[in-house]
Structures are given as C-alpha cells and as structure tokens.
Amino acid sequence: MPEMPEVENIVIGIKDFIENKKIVDVEIIKGDVIKSPSSDEYRKLLQDKIIKSLKRRGKYIIMSLDDGRLNIIHLRMTGKLLYKQENEDIDKYSCVIYHLEDKTKLIYADIRRLGTLDLITTDEISRLKGLYTLGAEPLSSEFTIGYLKDCLNKSKTKIKPFLLNQKNVAGLGNIYVDEALAISKIHPERKANSLSDEEIEKLHQAINLVINEGIRDGGTSFRDYRNGLGEKGSHQDKLYVYNRKGKECRFCDTLITKIVLNGRGTYFCPNCQKLNDDK
DNA sequence: AACCAATCCTGTATGC
DNA sequence: TGCATACAGGATTGGT
Ligand SMILES: [Zn+2]
C-alpha cells in the first residue's frame with residue numbers, strides 16, 4: 001500500500017506523540033506479522049522500554065528504543081500504523097497494539113498481514129537485507145543525476161522494474177514509478193541502460209517532483225491508505241496515469257493504456273511515452 | 001550476479 | 001444470487 005510519501009506522512013504525523021513515551025504493554029492479536037524474535041520475546045523485550053525516536057528509511061519505519069534495540073516496521077501492501085487514545089475503538093484487522101504510558105496506544109493493523117515487524121539490535125541490521133541494501137533516497141544529497149546514471153548503466157532490466165528495485169532508489173513504488181515515467185515521457189519497457197543523458201536528467205527531476213508532491217499532498221489514498229491519525233491523502237486526484245486506464249492523458253488527450261509488466265499493473269500514455277527501436 | 005515468476009494473505013470488483 | 005477469477009501502494013524466495 002504505502003510508498004515513501006505515505007510512510008513519511010505516517011512517521012511525521014505521529015512521531016511527536018510517541019517519542020519519549022514508555023510502552024507499558026504490548027498486546028499481540030495476530031502474531032504472524034512478527035518475524036523476529038518470537039511473539040513472547042517481542043512482547044517481553046518491548047515492555048517498559050521508552051521510544052526514543054521514530055524515523056523512516058525507504059518504506060521502512062524505524063522505532064528506536066532506549067535499550068538500543070530497533071523495532072523495524074514494514075507496512076507492505078495493507079499495513080497501517082495508527083495512533084489513538086486508549087478508549088478509542090481499534091481497527092478490525094489490528095495485529096499488535098503498543099499501549100503507551102499516557103493512556104494512548106499505537107496500533108499495527110494489516111488486512112493481508114504481508115507486513116513485517118522485527119525487533120533487532122543495531123548490529124543485527126545486516127540481517128534485514130531489504131533495509132541494509134537500500135539505495136539512495138529521492139530528495140537526498142546522495143540522489144544525484146550522476147548516481148542515477150551510474151545505476152542505470154549497470155542495469156540490463158527495463159526502466160520500470162529498475163525503479164521498483166529498492167537497491168537503486170529507495171522508497172519508490174508502483175504509483176510513483178508510473179507517475180515519474182509519465183512526467184519524464186519515458187516508456188516503462190525501455191531498457192534502463194538505453195536512456196539518453198537528457199532523459200536521465202528529466203527522470204531524476206520527475207522522481208523528486210512526484211515524491212515531493214506526494215508528501216505535500218499527504219500521500220495517495222485509493223482504498224486502504226490512511227496516515228497515523230486515520231486521515232486520507234489527496235494525491236490520488238492529481239495522478240497523470242496511475243489507475244487512469246481509458247482516461248485522457250493530461251498532456252495530450254490520448255487514452256491511457258494499461259499493461260502488466262513483471263507482474264505489476266503499469267499505466268502509461270502510448271503517445272507521450274514511446275518505445276524506440278533500442279528496446 | 002541479476003533477472004523474473006511464484007509466493008505470502010485477504011478483500012473487492014468483475015464476469016458468467 | 002452464487003461462484004470463479006483477477007487484481008491490489010511490496011518484498012522475499014527459488015529457479016534459470
Ligand atoms: Zn499523452
């Protein structure tokens with residue numbers, strides 16, 4: 001469900017409410033989302049710990065505890081992190097509830113339960129391969145045109161799967177990749193290493209643009225996404241191609257096409273985003 | 001090493 | 001209505 005802008009909004013929205021608060025109890029309803037350690041250990045290790053910080057890296061949420069451990073949360077497709085008063089009703093799909101010292105609670109809820117919770121020490125981070133191998137963050141000083149160009153030239157795959165690979169750019173997902181390719185007018189099946197310098201520059205700019213606007217709009221809410229306070233985002237109203245099959249391209253009025261690429265629904269304008277002979 | 005299809009899981013939409 | 005099928009903001013696994 002959530003890509004970088006959605007995760008960023010969740011973290012920014014609730015961090016000030018939970019930082020420096022003590023976890024008085026951990027209630028485990030659906031323990032299969034806890035990947036490590038065991039559910040019992042997870043609960044015991046978090047009990048009476050103080051949340052020192054809540055941060056984001058890629059699509060991961062990193063909760064630091066006062067004993068140095070890290071509670072690593074990944075929402076995958078339908079995970080939510082919700083902050084509520086202790087007397088408020090909880091989501092039907094709640095999996096884990098962190099009860100805080102001030103009569104509030106943080107709830108991990110997940111319809112499909114594809115999301116993951118891992119409680120680790122700092123020297124165990126390399127065990128979480130997905131987190132350890134993340135590439136540069138959009139909008140960061142590390143994410144330069146040169147960085148993108150180097151990664152692209154090392155790749156033999158198509159540009160869309162390249163951008164979905166978190167080792168290249170951290171935090172992009174299916175929506176924002178299609179949007180960035182639409183804005184930079186690049187066909188999703190182009191080979192990553194076939195892009196011209198001009199196209200790489202436009203793509204770099206488009207990635208930063210869609211991520212920045214996604215964050216500013218509070219994320220994209222199609223069905224499940226809500227921020228940490230249960231509010232919808234508004235970026236779904238501004239999309240150029242994603243989920244717009246058969247609708248008019250906002251640049252040229254051609255109808256948006258949908259294909260399946262590496263198992264992911266993929267939207268593009270067949271007029272603005274042409275496939276050259278270098279495929 | 002790197003790519004890609006299958007897989008995890010449940011809910012919703014669509015078609016017959 | 002009932003049932004089957006496809007599909008969904010993702011990442012890991014295993015085969016090639
Ligand atoms: Zn167009």
Side-chain angles (χ1 to χ4, degrees), chain A residues 1-11 29-36 56-61 72-81 91-95 108-118 126-135 138 151-181 188-189 191-193 207 210-211 213-215 217-227 232-246 258-267:
Chain A
M1 145 172 114
E3 305 178 30
M4 191 267 236
E6 289 74 36
V7 180
E8 178 71 6
N9 271 284
I10 291 170
V11 169
I29 300 163
K30 298 266 170 59
D32 58 349
V33 296
I34 300 170
K35 302 306 174 187
S36 69
R56 180 195 60 73
R57 171 85 172 99
K59 301 171 196 170
Y60 290 81
I61 298 171
I72 310 290
I73 302 168
H74 198 301
L75 305 172
R76 292 278 181 99
M77 296 291 265
T78 52
K80 291 184 204 169
L81 202 56
D91 190 290
K92 176 181 172 188
Y93 300 102
S94 298
C95 300
Y108 179 77
D110 193 342
I111 293 174
R112 294 172 66 181
R113 301 198 312 284
L114 297 174
T116 57
L117 304 177
D118 284 278
S126 60
R127 289 208 344 238
L128 294 186
K129 275 264 167 39
L131 176 60
Y132 189 64
T133 61
L134 283 176
C151 292
L152 284 165
N153 288 336
K154 285 178 199 158
S155 173
K156 295 191 164 181
T157 190
K158 294 169 181 171
I159 186 63
K160 170 150 181 178
F162 170 90
L163 291 172
L164 285 175
N165 186 342
Q166 303 298 299
K167 293 175 181 142
N168 296 319
V169 186
L172 294 178
N174 211 29
I175 295 178
Y176 294 99
V177 165
D178 280 6
E179 292 297 293
L181 290 173
E189 294 187 284
K191 295 289 276 301
N193 61 14
I207 290 168
V210 296
I211 291 296
E213 295 199 341
I215 293 171
D217 292 339
T220 303
S221 295
F222 274 120
R223 25 183 176 269
D224 301 311
Y225 173 68
R226 299 293 184 277
N227 68 15
K232 284 186 173 189
S234 66
H235 197 68
Q236 62 278 9
D237 301 330
K238 301 189 184 170
L239 299 174
Y240 288 96
V241 291
Y242 189 84
N243 208 35
R244 297 192 68 241
K245 178 184 174 183
K258 182 188 180 189
I259 60 171
V260 176
L261 185 47
N262 283 13
R264 310 301 302 273
T266 299
Y267 302 84

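Throughout, protein chains are lettered first and strands after them, A, B, ... in sequence-line order, and every chain is numbered starting at 1. The figures that follow rest on heavy atoms only: side chains count, while hydrogens, waters and symmetry mates do not.
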**Request:** Consider the side chain of R113(A), meaning its heavy atoms from C-beta on, and name the nucleotide among dA8(C), dG10(C), dT10(B) that approaches it most closely.
**Result:** dT10(B)
**Request:** Just call it for D224(A): base, sugar-phosphate, or nothing, with non-hydrogen atoms closer than 4.0 Å on any strand.
**Result:** base
**Prompt:** Nearest-Å distance, CD1 (I111(A)) to C1' (dC7(C))?
**Reply:** 15 Å
**Prompt:** How would you label the contact of S155(A) with the nucleic acid (heavy atoms, under 4.0 Å): base, sugar-phosphate, or nothing?
**Reply:** sugar-phosphate
**Prompt:** G263(A) near the nucleic acid: base, sugar-phosphate alone, or nothing, with a heavy-atom cut-off under 4.0 Å?
**Reply:** nothing
**Prompt:** Within the structure shown, what part of the strands sits under 4.0 Å from L114(A) by heavy-atom distance: base, sugar-phosphate, or nothing?
**Reply:** base
**Item:** Pairwise P distance, dT7(B) and dT5(C) [rounded to whole Å]
**Value:** 16 Å
**Asked** Closer than 4.0 Å, any side-chain N/O of Q166(A) to the OP1 or OP2 of dG10(C)?
**Response** no
**Message:** Under 4.0 Å, heavy atoms only, any strand: does E3(A) hit a base, just the sugar-phosphate, or nothing?
**Reply:** sugar-phosphate
**Fill in**
Between T266(A) and the options K258(A), K160(A), K158(A), the side chain to side chain donor-acceptor pair (under 3.5 Å) test singles out K160(A)
**Request:** Report the nucleotide, chosen from dC3(B), dA8(C), dG10(C), that has the shortest atom-to-atom distance to any side-chain atom of K156(A).
**Result:** dC3(B)
**Separation of the P atoms in dG11(B) and dT12(C), to the nearest angstrom** = 25 Å
**Request:** Find the distance between CG (D110(A)) and CG (D32(A)) and round it off to the nearest 0.5 Å.
**Result:** 9.0 Å
**Complete:** Testing dT10(B), dC4(B), dG10(C) for proximity to the side chain of P161(A), the answer is dC4(B)
**Item:** Nearest-angstrom distance from the residue atom CG of L128(A) to C1' of dG10(C)
**Value:** 15 Å
**Approximate separation, where rounding is to 0.5 Å, of L164(A) CG and N262(A) CG** = 8.5 Å
**Asked** In whole angstrom, what separates K35(A)'s NZ from dA11(C)'s C1'?
**Response** 12 Å
**Request:** Would you check if the side chain of E179(A) reaches a backbone N or O of Y240(A) as a donor-acceptor pair within less than 3.5 Å?
**Result:** yes
**Asked** Which is true for K167(A) with a 4.0 Å heavy-atom rule: it touches a base, it touches only sugar-phosphate, or it touches nothing?
**Response** nothing
**Item:** L164(A) or G265(A), whichever maps to the more 5' nucleotide of DNA chain C
**Value:** G265(A)
**Complete:** Between the CD1 atom in I34(A) and the OG1 atom in T116(A), the distance rounded to the nearest 0.5 Å is 11.0 Å
**Asked** dC8(B) P sits how many Å from L75(A) CG, rounded?
**Response** 22 Å
**Message:** Please convert DNA chain C into dot-bracket. A pair counts if it is Watson-Crick or G-U wobble with both distances under 3.5 Å; crossing pairs go in [ ] and bases paired with another strand get |.
**Reply:** .|||||||.|||||||
**Request:** Compare the minimum distances between each of dG11(B), dA11(C), dA8(C) and the side chain of H74(A), then state the nucleotide with the smallest one.
**Result:** dA11(C)
**Item:** Whole-Å distance separating the CD1 atom of I29(A) from the P atom of dT10(B)
**Value:** 16 Å
**Message:** Can you tell me which nucleotide in dC4(B), dG11(B), dA8(C) comes closest to the side chain of N262(A)?
**Reply:** dC4(B)
**Prompt:** What does Y176(A) touch in the nucleic acid at a heavy-atom separation under 4.0 angstrom: a base, only the sugar-phosphate, or nothing?
**Reply:** nothing
**Request:** Could you grab the distance from atom CZ of R112(A) to atom CG of D224(A), nearest 0.5 Å is fine?
**Result:** 9.0 Å
**Message:** Using atom P in both nucleotides, what's the gap between dA5(B) and dC7(C) to the nearest angstrom?
**Reply:** 14 Å
**Asked** Y60(A) vs H74(A) aromatic rings, parallel, tilted or perpendicular, using cut-offs 30° and 60°?
**Response** perpendicular
**Flag side-chain contact, heavy atom, 4.5 Å: N243(A) against Y267(A)** = yes
**Prompt:** Has Y93(A) got a side-chain N or O lying under 4.0 Å from the OP1 or OP2 atom of dC9(B)?
**Reply:** no
**Asked** When we call it a touch if two heavy atoms are under 4.0 Å apart, what does Y60(A) touch: a base, just sugar-phosphate, or nothing?
**Response** sugar-phosphate
**Asked** How is K59(A) classified with respect to the nucleic acid when contacts are heavy atoms under 4.0 Å: base, sugar-phosphate, or nothing?
**Response** sugar-phosphate
**Request:** Classify the nucleic acid contact of T157(A) as base, sugar-phosphate or nothing, counting any heavy atom under 4.0 Å across all strands shown.
**Result:** sugar-phosphate
**Prompt:** How far apart are the C-alpha atoms of I175(A) and F222(A), what are their side-chain angles, what is the distance that settles it, and do they pass the side chain to side chain contact (heavy atoms under 4.5 Å, CB included) test?
**Reply:** CA-CA 11 Å; I175(A) 295 178; F222(A) 274 120; 3.8 Å; yes
**Asked** Can you check whether K258(A) has a side-chain N or O nearer than 4.0 Å to OP1 or OP2 of dA8(C)?
**Response** yes
